[in-house]
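Inspection log for the structure reproduced underneath, given as structure tokens.
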Amino acid sequence: MRAGMRGHDVLVVGAGLAGMRAALEAQAKGVDVAIMSKVYPVRSHSNAAQGGINAALSEEDSWESHAFDTVKGSDYLGDQDAIEILAKEAPQAIIELENFGVPFNRDETGRLGSRNFGGASHARTYFVGDFTGQAILHVMYEQLLKHGVTSYDEWFVLELARDDEGAVRGVVALDIKRGTIELVPAKAVILATGGLGRVYEPSTNALIVTGDGMALAYRAGAPLMDMEMVQFHPTTLKSNGALLSEAARGEGAYLINKHGERFMKKSAPIKMELASRDVVSRAEQIEINEGRGVDGCVLLDMRHLGAAKIMERLPQVRELALEFAGVDIIHEPVPVRPGMHYQMGGVKTDVWGQTEIPGLFAAGETACVSVHGGNRLGANSLLETVVFGKRAGAKAAEYAKGQKEPRLSQSWVTDQEKRIKALFDRPPGEKAAALRLEMGTIMTRNVGVFRSAEGLEEARETILRLKERFARVSVQDKGRVYNSNLLSVLELENMLELAHVIIESALFRTESRGAHYRTDYPERDDENWLKHTLVRYRDGQHELSTLPVTITRWQPQVRQY
Ligand SMILES: Cc1cc2nc3c(=O)[nH]c(=O)nc-3n(C[C@H](O)[C@H](O)[C@H](O)COP(=O)(O)OP(=O)(O)OC[C@H]3O[C@@H](n4cnc5c(N)ncnc54)[C@H](O)[C@@H]3O)c2cc1C
């Protein structure tokens, strides 16, 4: 440990939108705040968000309508108290972003312009072209700089440090630039480490999205909730899994099969292409499986939108299709297929971001509040990051004010030093990249849009074998400075644990709900499964249990689009 490493009141791990919003709010409450990120803050995956952010802002819309759409989108698995907060606080959150300086698109009358998005009964998605996440993240970063929040850029958290009572009181982290291991004490820690996309291959998520925070919390004893709920986005490119934003369908794009038929009329006659993502992804996979696809894909057709609209509203979609599929969407339909996009589950928290472990908070994609339940609506995730990031920041600051200076054993550092040394000392053996690809491939094949006991058990066996092989994974690069080889090994260990948790949760839920479709249990079963799944780590084992869903005013109905 570097001598004199200063402690903080609140340490936020993760500098995406959830982390930045949490840090700003905690700072505003007058405590000492720091933010830590394994990549330079504005490289966080929030930067990649394209389509927009939801809020019931217009007079014709209402928070109740937004909340109901979200409840229905979640296939009734979302907690309705949390969803009410999300929808009620959304308009204020958008105005706040606008006041920070986010240049949202405007309509002809000069008011904030909105677009349609999947599963929504009103056009309530606010956007900046098709690079909304980038615009918000950069503006938020300016706010962090303006308010002087301490930033640990390119630090990788290895472990949550706990005191004798088991409360989280800081982190042990690798300073990537120097290669040293440091203890950073804090009275409260907020995990805002994003999703786990790269457990699957391919994924729309950046390579850095490896579920570290979920794995850290899990190993420290915090339960993970609804981990079987993995979203496959309907429009990803075959070549590299890159996302073509839902904004395309929001602006009016069609999905067609090889006969030129708009097949969504079979499963969602009213909403068609703008049904919720789980519904559209399943419909596409059926077309592909039954031989009506084109080379393992269906077609996304935007020709009728015209060049002017495409260039104004969807420039990035055009660029991505051109670069990675060689298709100009102005003139041709582009092949797309469902691809892993988002983890609805995560570290279980209350509506203030508190986990079951004192001193540990979580927000953003890492957390499960739960507002998305079995299926997230497009543009509700950016909203979740700012609404619940802010709440977690406020609560963590309040909590920290009542705590004494952390007292932590030096063994937190020496244990991690031993762990890293052991990795370096391993003789040449397995390569992390090979294991990562095998893991991601079986997860997509057997734990994807369609699942069955047989396929899930096969996936479990594969993951168990990969875990064994992980003991022989070596770090070829022995340098200490910027050792990305070492990082990829550490990330793989986290991802293998989470893959295992996803499979156990998917085997446990013997029904079909939201994104979790079991071909051997094809019906939703409210009698037995209107429940969250919880997984805890006990003595090296996954312990599964359930928790009731919070229902405030919307009773489950048959879900049709
Ligand atoms: C291509 C794409 C497009 C999307 N489009 C939309 C959209 O239009 N609308 C919408 O609502 N949602 C969208 N989403 C989803 C949404 O962008 C994400 O869910 C959201 O941005 C997650 O934000 P976050 O703050 O939770 O995490 P992230 O932005 O992923 O940030 C995670 C942070 O944690 C840090 N971190 C992780 N592990 C460690 C570690 N071990 N040590 C230190 N730091 C660590 C990272 O460095 C990073 O700073 C999209 C997602 C993708 C992938």
Side-chain angles (χ1 to χ4, degrees), residues 17 21 49-74 78-133 135-136 139-140 245-253 268 270-277 305 309 312-314 351 369 371-372 375-391 552-555 557 559-561:
L17 280 177
R21 190 66 196 84
Q50 302 168 1
I53 177 165
N54 286 337
L57 257 182
S58 76
E59 290 93 39
E60 306 84 63
D61 203 357
S62 67
W63 76 261
E64 288 92 342
S65 166
H66 183 185
F68 173 69
D69 290 344
T70 305
V71 169
K72 179 177 170 185
S74 82
D79 282 323
Q80 296 181 9
D81 54 343
I83 292 174
E84 288 193 16
I85 290 170
L86 180 83
K88 277 185 197 161
E89 296 186 6
Q92 187 53 36
I94 304 287
I95 291 166
E96 220 167 62
L97 292 176
E98 214 273 337
N99 292 345
F100 284 163
V102 176
F104 284 110
N105 275 52
R106 291 180 176 269
D107 64 18
E108 314 72 53
T109 66
R111 308 179 87 191
L112 294 186
S114 57
R115 61 164 49 118
N116 286 306
F117 242 60
S121 48
H122 286 84
R124 64 168 76 93
T125 300
Y126 294 87
F127 61 101
V128 184
D130 54 5
F131 49 91
T132 312
I136 302 177
V139 165
M140 199 91 90
S245 173
E246 190 163 303
R249 281 170 292 135
E251 297 294 347
I270 300 165
K271 299 296 285 184
M272 297 287 286
E273 285 84 359
L274 286 178
S276 65
R277 289 177 178 170
L305 301 181
K309 188 167 186 178
E312 187 210 329
R313 298 282 182 103
L314 304 167
V351 296
V369 187
V371 288
H372 310 303
N375 171 71
R376 169 173 76 83
L377 293 188
N380 261 355
S381 173
L382 291 187
L383 178 62
E384 179 193 12
T385 64
V386 288
V387 167
F388 288 97
K390 181 176 179 179
R391 293 171 73 91
T552 56
R553 57 169 93 187
W554 297 283
Q555 291 302 322
Q557 299 168 11
R559 186 160 164 260
Q560 281 167 336
Y561 285 101

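Just so we're clear, the structure is a prediction, and the values are computed from it rather than from any experiment.
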Verdict with supporting geometry, Thr125 and Glu246, side-chain contact (heavy atoms from CB on, under 4.5 Å): CA-CA 11 Å; Thr125 300; Glu246 190 163 303; over 6 Å; no

For the pair Glu59 and Arg111, find out whether any cationic side-chain nitrogen is under 4.0 Å from an anionic carboxylate oxygen. yes

Donor-acceptor contact present, side-chain Arg115 to main-chain Gly250, <3.5 Å: no

Could you walk me through whether Val128 and Val102 satisfy the side-chain contact (heavy atoms from CB on, under 4.5 Å) test, starting with their C-alpha distance in whole Å, then the side-chain angles of each, then the deciding distance to 0.1 Å, before giving a yes or no? CA-CA 8 Å; Val128 184; Val102 176; 3.8 Å; yes

Are Gln92 and Val387 packed together at the side-chain level, in the sense that at least one heavy-atom pair is separated by less than 4.5 angstrom? no

Between atom CZ of Phe127 and atom CD1 of Ile136, what is the distance when rounded to the nearest 0.5 Å? 12.5 Å

Taking the side chain as everything from C-beta on, heavy atoms only, tell me whether Leu112 gets closer than 4.5 Å to Arg106. yes

Kindly indicate whether the side chain of Ser58, heavy atoms from C-beta on, has any atom under 4.5 Å from the side chain of His122. no

State whether the side chain of Ser114 and the backbone N or O of Ala123 hold a donor-acceptor pair below 3.5 Å, judged by distance alone. yes

Heavy atoms of Thr552 and Asp81 approach each other most closely as CG2-N, 3.8 Å

Should the ring pair Tyr126 and Phe104 be called parallel, tilted or perpendicular, given that the plane angle runs from 0 to 90° and is split at 30 and 60? perpendicular

What's the verdict on side-chain contact (heavy atoms from CB on, under 4.5 Å) for Leu314 and Leu305, showing C-alpha distance, side-chain angles and the deciding distance? CA-CA 10 Å; Leu314 304 167; Leu305 301 181; 4.1 Å; yes

I'd like to know whether Arg391 forms a side-chain contact (heavy atoms from CB on, under 4.5 Å) with Ile85, so could you lay out the CA-CA distance, the side-chain angles of the two residues, the decisive distance to 0.1 Å, and finally the verdict. CA-CA 10 Å; Arg391 293 171 73 91; Ile85 290 170; 3.5 Å; yes

Strictly by modelled atom types, are Ser74 and Asn375 linked by a side-chain donor-acceptor pair under 3.5 Å? no

Taking C-beta and beyond as the side chain, do Met140 and Val386 meet within less than 4.5 Å on heavy atoms? yes

Not counting sequence neighbours, which residues clear side-chain contact (heavy atoms from CB on, under 4.5 Å) with Ser381? List them please. Tyr342, Arg376

Provide the closest heavy-atom pair for Ala55 versus Pro91 in the form atom of the first, atom of the second, distance. CB-N, 3.9 Å

Might you point out which heavy atoms bring Ala90 and Asn54 nearest each other, and give the distance in Å? CB-O, 3.8 Å

How far apart are the closest heavy atoms of Gly119 and Asp69, and which atoms are they? O-CB, 3.5 Å

Between Val371 and the options Leu383, Leu86, Asn380, Leu377, the side chain to side chain contact (heavy atoms under 4.5 Å, CB included) test singles out Leu86

Nearest heavy atoms of Leu382 and Gly52, plus distance in Å: CD1-O, 3.5 Å

Check whether any side-chain heavy atom of Arg21 lies under 4.5 Å from a side-chain heavy atom of Phe388, and answer yes or no. no

Correct closest heavy-atom pair for Arg559 and Ser276 would be NH2-OG, 2.9 Å

Listed by chain and number, what are the side-chain contact (heavy atoms from CB on, under 4.5 Å) partners of Glu64, not counting sequence neighbours? Ser62, Arg553

Hey, does Ile94 have a side-chain heavy atom less than 4.5 Å from the side chain of Ile53? yes

Any side-chain heavy atom of Lys72 within less than 4.5 Å of one from Tyr561? yes

